[in-house]
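Each remark here refers to the structure printed beneath this line.
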Amino acid sequence: MSPTTILIGVLPSVFFGVATTLMGKTGGSDRQRVMGTVLGGLLMAAVATPFLHPQWTPFNLAVSFGTGLLLGLGVCDQLRSYTVLGMSRTMPLSTGGQLVLMSVAGIALFGEWLHGGALPYGIAAIAVLIVGIWFLSRSEAGSDAAGLDWGRGAVLLTSSTLGLVAFPLIIKYFGIAPKEFLLPQAVGYTAYAALFFAIQGRGGVDPEASLRHRRMFPSVFNGVLWGIAILLLQLNSNNLGAGTGFTLSQLGILISTPLGILWLHETRSRKELRWTGIGVFLVIACGIGLILTWVFGFLREK
């Protein structure tokens, strides 16, 4: 694994972590944050595509647009879950679910980790991750977490996790190149978000939540960072494999979780902070373990 490959593998996590934290810091309604994000991603795709010279076919346009709808589902429900559970709780749970599902799908669909005896090491890394997620999501009795709507949060996390895992897997399965999927995928997730909030806002939209309100515009910048991360994520899936590439991209949790507590002032008790520290350490260990799993399998395959 070359240094360039590692750098490209880690970059999405930086973009995701920074963009996610900035979304919470800039505030605004769910509608403003989501629409600002997807419009920023659409802007990035529209500017980049003419330089990529895509060769579209009806098939790759349809598949790419469909993955955009799935991504829109994932984004809408994940950002809404920030309001329900808070960023510092949403991100560990969401990341853990995505990593487990993506790793299992990588094995089942693409035969990853099945060479060179890498599979046991990959499974061990996922086990470490599950324990880390458990620590990150723990709440002390009587803490602020007792008043959270965990039922609604669980529904939002489940739907968003399925959407966020499905879209890169479908692109990889059909072998669609980035220059072909970038723009139609962006159109798909923008259309999903616009329809979602049109239905949600049938009774009228508060002027404070208007897309013309100044609060929405910082989210457009966040969306450009997010759109770049989405593109790099799918490049990594092709270069490193779905499981390893996705794992590297999700290390943004190491940025968003601490900043959610320190910068966004999401409260945690002293004991919960210790649990968070243990969880972050285990997530890092899982990421390193999965990278070593890929390297071990790759070298043994050679």
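Heads up: numbering here begins at 1 and tracks the sequence.
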For residues 42-58, which residue pairs qualify under side chain to side chain donor-acceptor pair (under 3.5 Å), counting only residues two or more places apart or in two chains?
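Non-adjacent pairs meeting side chain to side chain donor-acceptor pair (under 3.5 Å): T57-N60.
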For [X], give me all partners under side-chain hydrogen bond (donor to acceptor under 3.5 Å, both in side chains), at least two apart in sequence or on another chain.
X	value
T67	Q185
T158	none
S159	D77

For [X], which residues count as a side chain to side chain contact (heavy atoms under 4.5 Å, CB included) partner, sequence neighbours excluded?
X	value
L101	T161, L162, V165
R274	R270, K271
A45	L182, L183, A186
V131	F135, L282

Determine, stepwise, if the pair F197 / C76 fulfils side chain to side chain contact (heavy atoms under 4.5 Å, CB included).
CA-CA 9 Å; F197 286 104; C76 286; 4.3 Å; yes
If hydrophobic clusters are built from ILVMFWY residues whose side chains come within less than 4.5 Å, do L73 and V155 share one?
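Cluster IDs for L73 and V155 differ.
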Is there a path of hydrophobic side-chain contacts, each under 4.5 Å between heavy atoms, that joins L52 and I228?
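The answer is yes; both residues are in one hydrophobic cluster.
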Run the side chain to side chain contact (heavy atoms under 4.5 Å, CB included) test on F181 and L231 for me, step by step, so that the C-alpha distance in whole Å, both residues' side-chain angles and the decisive distance to 0.1 Å come before the verdict.
CA-CA 9 Å; F181 71 66; L231 175 61; 4.2 Å; yes
Which pair of non-hydrogen atoms, one from I171 and one from S64, has the smallest distance, and what is that distance?
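The pair with the smallest heavy-atom distance is CD1-OG, 4.3 Å.
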Would you call S94 and Q98 a side-chain contact if the rule is heavy atoms closer than 4.5 Å?
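Yes, side chains in contact.
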Can you tell me how far apart CG (L164) and CG (L71) are? Round to the nearest 0.5 Å.
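Output value for this atom pair is 6.5 Å.
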Separation of I170 CD1 from L109 CG (nearest 0.5 Å)
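These two atoms lie 10.0 Å from each other.
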Apply side chain to side chain contact (heavy atoms under 4.5 Å, CB included) to residues V47 and M44 and explain how you reach the verdict.
CA-CA 5 Å; V47 171; M44 185 278 297; over 6 Å; no
I'd like to know whether Y189 forms a ring pair (Phe, Tyr, Trp, His ring centres under 6.0 Å) with F167, so could you lay out the CA-CA distance, the side-chain angles of the two residues, the decisive distance to 0.1 Å, and finally the verdict.
CA-CA 11 Å; Y189 59 66; F167 87 90; 8.6 Å; no
Among all residues two or more places apart in sequence or in another chain, which pass the ring pair (Phe, Tyr, Trp, His ring centres under 6.0 Å) test with Y173?
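Residues passing ring pair (Phe, Tyr, Trp, His ring centres under 6.0 Å) with Y173: none at all.
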How far apart are the C-alpha atoms of Y192 and V38, what are their side-chain angles, what is the distance that settles it, and do they pass the side chain to side chain contact (heavy atoms under 4.5 Å, CB included) test?
CA-CA 10 Å; Y192 180 95; V38 298; over 6 Å; no
Backbone N/O of L157 and side chain of S160: donor-acceptor pair under 3.5 Å:
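Yes: the side chain of S160 pairs with the backbone of L157.
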